[in-house]
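We use all heavy atoms of the structure for the numbers below, so side chains are in, but hydrogens, waters and symmetry mates are not. Below, chains carry the letters A, B, ... as their sequence lines are ordered, and counting in each starts from 1. Remember, it's a predicted structure, so these values are computed and weren't measured experimentally.
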Amino acid sequence: MPELPEVEAAAGRLRGLAIGHTIVRVQVVHPAIRKRLPAGAQRALTGRQIDRVERRAKIQLLHLDDGSLLEVHFRMTGDWEFTPASAQPPAHSRLRLELSSGVTVHLVDGRALAVVRRHAPGAWVSPPLGPEPLTEAFTVEAFAAALATRRGPIKAVLLDQRVVAGVGNIYAAEALWVARIHPAAVARTLSVARLTRLRDAIREVLEHAPSGRYYAREEAEAVAAWRVYDAEDAPCPRCQTRIRRLVQGARSSYYCPRCQRR
DNA sequence: TGTGCCCTGGTA
DNA sequence: TACCAGGGCACA
């Protein structure tokens with residue numbers, strides 16, 4: 001599942017290949033994409049130049065030369081792939097943007113959960129998002145304020161993009177392990193010391209996260225580096241206790257019952 | 001605040 | 001062949 005570092009890397013690759021080029025053809029290959037990007041929107045994209053690619057949380061915003069925006073969210077399995085226009089499209093190519101440079105940008109998305117929308121000039125309204133975790137705006141004070149009223153388990157609260165933008169299920173589990181906090185700890189009861197540890201842990205795991213697709217072969221090493229995520233019954237790398245799994249808000253949480261305390 | 005839904009490839 | 005994975009949203 002692409003998390004913040006993967007989305008940033010994908011946006012970077014898109015910047016390198018798409019900025020300054022014009023979309024000469026739009027092809028939607030999956031009905032789930034067409035639902036939010038109907039024929040009219042596809043027509044409106046055609047002939048537009050891509051001026052800028054911005055990332056906010058896990059949202060990518062393609063700024064077009066008429067002031068309109070193409071909003072892309074990869075959700076679970078989305079990613080960009082680039083091919084020559086004449087080449088065979090990659091597997092699971094759901095949306096194709098053929099560029100004037102001869103490159104076709106493919107939104108590949110195995111589970112077809114990605115969301116793509118066009119917004120007319122000035123029409124895009126950002127969803128409420130907390131600070132970017134790798135910026136100075138993500139202070140302990142801001143974090144504490146966001147959690148002050150939250151009675152839910154910290155793991156579920158971390159996934160709320162209003163608290164901190166861009167933390168997903170994997171890195172929430174990893175950060176809680178690093179900070180030695182139990183995923184079921186009640187968010188608003190965490191001490192400033194534990195919040196500081198958690199804030200630092202979120203930064204640490206995001207900074208060391210792989211930047212490619214998590215399921216790519218070359219990421220196998222990175223996957224192996226996850227310390228608790230998807231490691232049920234494996235020994236905790238810190239204390240060798242068996243990692244447990246619990247379900248919170250229909251999401252798996254992995255934790256060490258010995259060194260992560262409520 | 002919690003639950004179900006969208007989707008489909010991969011796994012048991 | 002059935003079921004699981006899960007980000008973000010709608011809804012209760």
K.L.:
Could you state the CG-C1' distance from A:L158 to C:dG8, rounded to the nearest angstrom?
P.N.:
16 Å
K.L.:
Starting from P on C:dC4, measure out to OH on A:Y229 and report it in whole angstrom.
P.N.:
15 Å
K.L.:
Between the base of C:dA5 and the side chain of A:R251, is there any donor-acceptor pair under 3.5 Å?
P.N.:
no
K.L.:
Distance under 4.0 Å to a non-hydrogen atom of chain A counts as contact; along DNA chain B, which nucleotides mark the start and end?
P.N.:
B:dT1 to B:dG9
K.L.:
Between C:dG7 and A:H73, is there an OP1 or OP2 to side-chain N/O distance shorter than 4.0 Å?
P.N.:
no
K.L.:
How long is the line joining CZ of A:R117 and C1' of C:dG7, in whole Å?
P.N.:
12 Å
K.L.:
Would you call A:E174 and A:R227 a salt bridge, using N to O less than 4.0 angstrom?
P.N.:
yes
K.L.:
Show me the pairs that pass side-chain hydrogen bond (donor to acceptor under 3.5 Å, both in side chains) and involve residues 18-45 of chain A, at least two apart or across chains.
P.N.:
A:R25-A:E98
K.L.:
Tell me the interatomic distance from A:N169, atom CG, to C:dG8, atom C1', rounded to whole angstroms.
P.N.:
13 Å
K.L.:
Please round to 10 degrees the angle between the axis of the first five pairs and the axis of the last five pairs in the helix from B:dT1-C:dA12 to B:dA12-C:dT1.
P.N.:
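Terminal axis comparison yields 50°.
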K.L.:
Could you check if a side-chain atom of A:H182 sits within less than 4.5 angstrom of a side-chain atom of A:Y255, using non-hydrogen atoms only?
P.N.:
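The answer is yes; the side chains approach within 4.5 Å.
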K.L.:
Return the value, rounded to whole Å, for the distance between atom CD1 of A:I170 and atom P of C:dG6.
P.N.:
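It is 8 Å, rounded to the nearest whole Å.
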K.L.:
Specify the separation, in whole Å, of atom CG of A:D160 and atom P of C:dG8.
P.N.:
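From A:D160 CG to C:dG8 P: 10 Å.
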K.L.:
So which one's nearest nucleotide on DNA chain B is more toward 5', A:P31 or A:P153?
P.N.:
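Mapping each residue to its closest nucleotide by heavy atoms, the 5'-most match is A:P153.
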K.L.:
Charged N to carboxylate O below 4.0 Å: is that the case for A:D65 and A:R48?
P.N.:
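Yes, charged N to carboxylate O under 4.0 Å.
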K.L.:
Does the pair A:R56/A:E132 count as a salt bridge with the N-to-O cut at 4.0 Å?
P.N.:
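Salt bridge flag = yes for A:E132 with A:R56.
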K.L.:
Please determine if A:R118 forms a cation-pi arrangement with A:W124, meaning its NZ or CZ atom is less than 6.0 Å from the six-membered ring centre and no more than 45° off the ring axis.
P.N.:
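Verdict for A:W124: no cation-pi partner in A:R118.
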K.L.:
Are A:F74 and A:W80 close enough that their ring centres sit under 6.0 Å apart?
P.N.:
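Yes: the rings meet the under 6.0 Å criterion.
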K.L.:
Figure out the CG/P separation between A:D230 and C:dA5, and round it to whole Å.
P.N.:
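Result: 9 Å.
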K.L.:
Could you check how far CG of A:L246 sits from P of C:dG6, rounded to whole Å?
P.N.:
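Spelled out: CG on A:L246 to P on C:dG6 is 12 Å.
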K.L.:
Does A:R245 reach a base, just sugar-phosphate, or nothing at all? Heavy atoms under 4.0 Å.
P.N.:
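A:R245: backbone/sugar contact only, no base atoms under 4.0 Å.
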K.L.:
Strictly below 4.0 Å: does A:K58 bring a side-chain N or O up to OP1 or OP2 of C:dG8?
P.N.:
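Result: yes.
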K.L.:
Between A:E54 and A:R15, is there a side-chain N and carboxylate O pair less than 4.0 Å apart?
P.N.:
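No, this pair does not count.
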K.L.:
Using a strict threshold of under 4.0 Å (side-chain N to carboxylate O), is an ion pair present between A:R244 and A:D233?
P.N.:
no
K.L.:
Between A:Q161 and C:dG8, does any side-chain N or O lie under 4.0 Å from OP1 or OP2?
P.N.:
yes
